[in-house]
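Please find one structure pasted underneath; my questions will follow.
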Amino acid sequence: RIGCRHLCKCTFYESCFTKVWHSPVRATNATWGVRLEEGEDVGVCGLSVFFAVVASTVIFISFAFCIMCVRIVFIELEYKYHREAMTALQRQLAATKNKTSVAGVGE
């Protein structure tokens with residue numbers, strides 16, 4: 001919104017920034033009740049720096065948290081896979097020992 005240097009106010013997440021009036025003719029705005037001259041700063045509302053920093057920080061922390069959660073899930077899946085592989089290997093080793101000991105008893 002243009003005109004925050006006069007009567008128009010910005011919302012809580014906006015700040016009033018410089019906006020120079022570039023019109024070859026003088027203008028009178030009934031809403032503002034002022035006469036605008038060329039080169040006059042009328043102001044324009046834009047996203048405030050504080051709100052932009054807060055929003056960026058929240059987004060960054062949210063993405064970091066999501067990445068950590070996905071990483072934890074993959075670590076758990078890898079641990080489960082290795083545990084199952086180790087259990088299968090131990091069973092196979094135990095079966096091999098039993099065959100060897102049974103074969104050694106008969107000799």
Side-chain angles (χ1 to χ4, degrees):
R1 289 181 311 270
I2 296 176
C4 57
R5 294 276 189 245
H6 297 285
L7 296 177
C8 176
K9 297 295 178 196
C10 300
T11 58
F12 74 95
Y13 61 88
E14 294 178 321
S15 293
C16 191
F17 296 102
T18 302
K19 172 69 175 173
V20 178
W21 181 260
H22 292 293
S23 177
V25 295
R26 292 182 181 176
T28 302
N29 189 318
T31 306
W32 298 333
V34 294
R35 190 169 199 159
L36 301 176
E37 306 268 339
E38 184 174 0
E40 183 179 349
D41 179 19
V42 293
V44 64
C45 292
L47 187 64
S48 70
V49 174
F50 175 75
F51 188 77
V53 168
V54 169
S56 298
T57 303
V58 167
I59 290 169
F60 178 79
I61 290 173
S62 298
F63 276 120
F65 181 75
C66 288
I67 289 170
M68 286 189 298
C69 289
V70 168
R71 185 162 163 34
I72 288 170
V73 167
F74 282 138
I75 288 171
E76 288 294 322
L77 288 174
E78 183 181 19
Y79 175 73
K80 181 181 175 185
Y81 170 77
H82 285 294
R83 188 178 60 218
E84 289 173 356
M86 186 61 84
T87 303
L89 189 60
Q90 287 173 346
R91 284 184 188 149
Q92 188 179 19
L93 184 61
T96 305
K97 274 186 175 181
N98 287 340
K99 285 182 184 178
T100 306
S101 64
V102 170
V105 171
E107 293 178 6

Apart from Val73 itself, its cluster of hydrophobic side chains linked below 4.5 Å comprises Val70, Phe74, Leu77
Side-chain donor/acceptor pairs under 3.5 Å, residues 55-63, sequence neighbours excluded:
unit_1: Ser56; atom_1: OG; unit_2: Ala52; atom_2: O; d: 2.8
unit_1: Thr57; atom_1: OG1; unit_2: Val53; atom_2: O; d: 2.8
unit_1: Ser62; atom_1: OG; unit_2: Val58; atom_2: O; d: 2.8

Should Gln92 and Leu89 be marked as a side-chain contact (heavy atoms from CB on, under 4.5 Å) after you check the CA-CA gap, both sets of side-chain angles, and the distance that decides it?
-> CA-CA 5 Å; Gln92 188 179 19; Leu89 189 60; 4.0 Å; yes
Evaluation steps, disulfide (SG to SG under 2.5 Å), between Cys10 and Cys16 | CA-CA 7 Å; Cys10 300; Cys16 191; 4.8 Å; no
Polar side-chain atom of Asp41 near backbone of Lys19 as donor-acceptor pair, under 3.5 Å = yes
With a cut-off of 3.5 Å and sequence neighbours excluded, list every side-chain donor-acceptor pair involving residues 43-51.
unit_1: Ser48; atom_1: OG; unit_2: Tyr13; atom_2: O; d: 3.3
unit_1: Ser48; atom_1: OG; unit_2: Phe51; atom_2: N; d: 3.2

Co-members of the apolar cluster containing Ile72 [side chain, <4.5 Å] | none
Point-to-point distance, once rounded to the nearest 0.5 Å, from CD of Glu78 to CD of Glu76 |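 Interatomic distance, Glu78 CD to Glu76 CD, rounded to 0.5 Å: 10.5 Å.
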By side-chain hydrogen bond (donor to acceptor under 3.5 Å, both in side chains), which residues pair with Thr11, not counting sequence neighbours?
-> Glu14
More than 12 heavy atoms of other groups within 6.0 Å of Arg71 CZ = no
